[in-house]
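What follows is a single structure, written as structure tokens, with notes after it.
Bear in mind that the values here come from a model prediction, so they are computed numbers and not experimental data. One-based numbering, in listed order, for ligands and for the atoms of each. For reference, positions follow the sequence shown, starting with 1.
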Amino acid sequence: MQVYQRQEHGISRKDISENALKVLYRLNKAGFDAYLVGGGVRDLLLDKEPKDFDIATNATPEEIKALFRNCRLIGRRFRLAHILFGRDVIEVATFRGHHDAGAVKLPAGKQAIASRNHEGMLLRDNVYGTIDEDAERRDFSINALYYSIKDFTVSDYANGVVDLQNRLVRLIGDPETRYREDPVRMLRAVRFAVKLDMQIEASTAAPILELSTLLKDIPAARLFEESLKLLQAGQGLETYKMLREYNLFQQLFPILAEHFTEDHSSQTEQMLEHILAATDVRIAEGKRVNPAFMFAAMLWYPMNVRAEEIASTSGLSDYDAFMIAANDILDEQVKNIAIPRRLTTTVRDIWQQQHRFSRRFGKRAFVMLEHPKFRAAYDFLEMRGQFEGQDVAELATWWHKFQFAERDERNKMVQELGGGNQRRRRRPQRRKKPQAKSAS
Ligand code: ATP
Ligand code: MG
């Protein structure tokens, strides 16, 4: 272990959030050890503003809870304490220990609960231990740096400071074992490499391709959270490219992977790159990003291909085939990434409106303007225009003009549509779903 004194590192108390300091002081005062750890220390050493401040301590969750009124215990896989200060949450974790029972003697009153599945994956990780053990349980060397508010030192258990200087993302311990314990570490390696502009150290990178399929065992809810951190944190495009090289993106989005080509030229791939780049720009501009819009764009072409297949084999109307395809694709995708219902509803809305944009007769165009998802759906149409050219682009231009026009102008626009391919069509009669072909 290396200890860096106050004058050897650039961290000072004023870089640390007041709430995190309060928690550190209170734990110290009650006689516990407490450190700032993880991304907070790492990012400060890199002169970046930390996203959040995580704290590690030798106090158990129950002991933490007893100290803070505003404390909630959460998590199953990892039991953690959340100390709430209004909207700000400080995460406090008790030092983790090793799992090989017997090797560690646990102090009285400390629980030991850990379990693994057949692939070596840790299902629960609630064995408490010392700070040395805690450091070994962390993922990367650059994440195992501990800052103490008592003496202002940074304790470095895995040569993280040197790796930070050399810009290397290096797993602590044997990479294959660490990935098998928690396959999400593969995603984290890529995320940190892109976010911190570092290389994944060779032995840390080596097993990823082969182990990438282990991600199938990760609960879809956790992968949803991770996918947002990967794709909606400002460097989505670059992250996607690296994830794809390691065969990781394919595990998260198998539906998209079916459309992947050697030269990244399919419509699906082009749209994917476009939406990720556009998302990165919005984040850089400090604008809000809507994950539903991103998922709608990513899955749009695969969904259309599916709709065409359904229409041509079933004899259903285009519209019905389209809606069935929309449901199928979303049902499939949520098996990998549990996109919450409120978002899939918006995805479906955006898609459905695409179909309706070309039906502008009578009152229809006016009604569409009132749709709660009009804005997102229109933005989506405009984006499609850039890919699908002519017809869609013209349609988007029409809608652009229409939404900003005065009432009279709008009426005129609708009247001018007359004839041509815009003839008023009767809604196709609902046809029954054909009987499933009997297996022969
Ligand atoms: P950021 O918050 O900037 O994304 P971070 O490193 O703080 O990065 P968190 O997910 O907040 O990441 O986790 C905090 C710390 O917990 C990490 O720095 C690491 O030490 C440890 N950690 C998180 N996830 C894992 C994991 N899957 N395996 C081992 N250690 C982990
Ligand atoms: Mg963090």
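Taking 4.0 Å as the cut-off between side-chain N and carboxylate O, E245 and K241 do not count as a salt-bridged pair. Using a cut-off of 4.0 Å between Lys/Arg side-chain N and Asp/Glu carboxylate O, R306 and E332 are scored as salt-bridged. Using a 4.0 Å cut-off between charged side-chain N and carboxylate O, D182 and R178 make no salt bridge. Ionic pairing of R375 and D379 is present here: one or more N-O contacts between side-chain nitrogen and carboxylate oxygen are shorter than 4.0 angstrom.
Distances from ligand 1 to the non-hydrogen atoms of D182 include at least one value under 4.0 Å. Look at R222 and you'll find a heavy atom under 4.0 Å from some atom of ligand 1. Heavy atoms of R137 come nearer than 4.0 angstrom to ligand 1 in at least one pair. For the ligand labelled ligand 1, residue F192 lies inside the 4.0 Å heavy-atom shell.
In terms of protein heavy-atom proximity, atom 28 (N) of ligand 1 is nearest to R185 NE, 2.8 Å. With respect to atom 3 (O) of ligand 1, the closest heavy atom belonging to the protein is K195 NZ, 2.8 Å. Given atom 2 (O) of ligand 1, the protein heavy atom at minimum distance is K51 NZ, 3.0 Å. The protein atom (non-hydrogen) at minimum distance from atom 8 (O) of ligand 1 is R42 NH2, 3.3 Å. Here the heavy atom of the protein found nearest to atom 19 (C) of ligand 1 is D139 OD1, 3.3 Å.
By the 30° and 60° cut-offs, the orientation of the rings of Y240 relative to F249 is perpendicular. Using the six-membered ring where Trp is involved, Y147 and F152 have ring planes that are tilted, between 30° and 60° apart.
Ligand-side atoms of ligand 1 in range of D52: 2 (O), range being under 4.0 angstrom from any heavy atom. Interface atoms of ligand 1 facing R191, defined by a heavy-atom separation under 4.0 Å, are 4 (O). Ligand-side atoms of ligand 1 in range of G39: 5 (P), 6 (O), 7 (O), 18 (O), range being under 4.0 angstrom from any heavy atom. Close contacts between ligand 1 and G38 involve ligand atoms 18 (O) [criterion: under 4.0 Å to a heavy atom].
Annotation: protein N, O or S atoms under 2.8 Å of the Mg ion (ligand 2) (waters excluded) comprise D52 OD1, D54 OD2.
Rounding to the nearest 0.5 angstrom, the gap separating the CG atom in L256 from the CD atom in Q333 is 6.5 Å. Atoms CD1 and CG, from I142 and L171 in turn, are 10.5 Å apart once rounded to the nearest 0.5 Å. For the atom pair CG of L145 and CD of Q2, the computed distance is 11.0 Å after rounding to the nearest 0.5 Å.
Considering I90, V37, I83 as possible partners of I55, the one that fulfils the side-chain contact (heavy atoms from CB on, under 4.5 Å) test is I90. Checked against H400 for a ring-ring contact (aromatic ring centres under 6.0 Å, His included), the options W398, F402, F404 give a single hit: F404.
Ring pair H355/F322: centre-to-centre distance below 6.0 Å.
At a heavy-atom cutoff of 4.0 Å, ligand 1 is contacted by the side chain of D54 but not by its backbone. Contact annotation: for V184 versus ligand 1, there are no heavy atoms closer than 4.0 Å.
Using modelled atom types, one finds no donor on one side chain facing an acceptor on the other under 3.5 Å when comparing E210 with Y179.
Heavy-atom contacts from other residues, nucleotides or ligands closer than 6.0 Å to CG of D391 number 12 or fewer.
Nearest residue to atom 20 (O) of ligand 1 from R138, R188, R178 is R138 (criterion: closest heavy atom).
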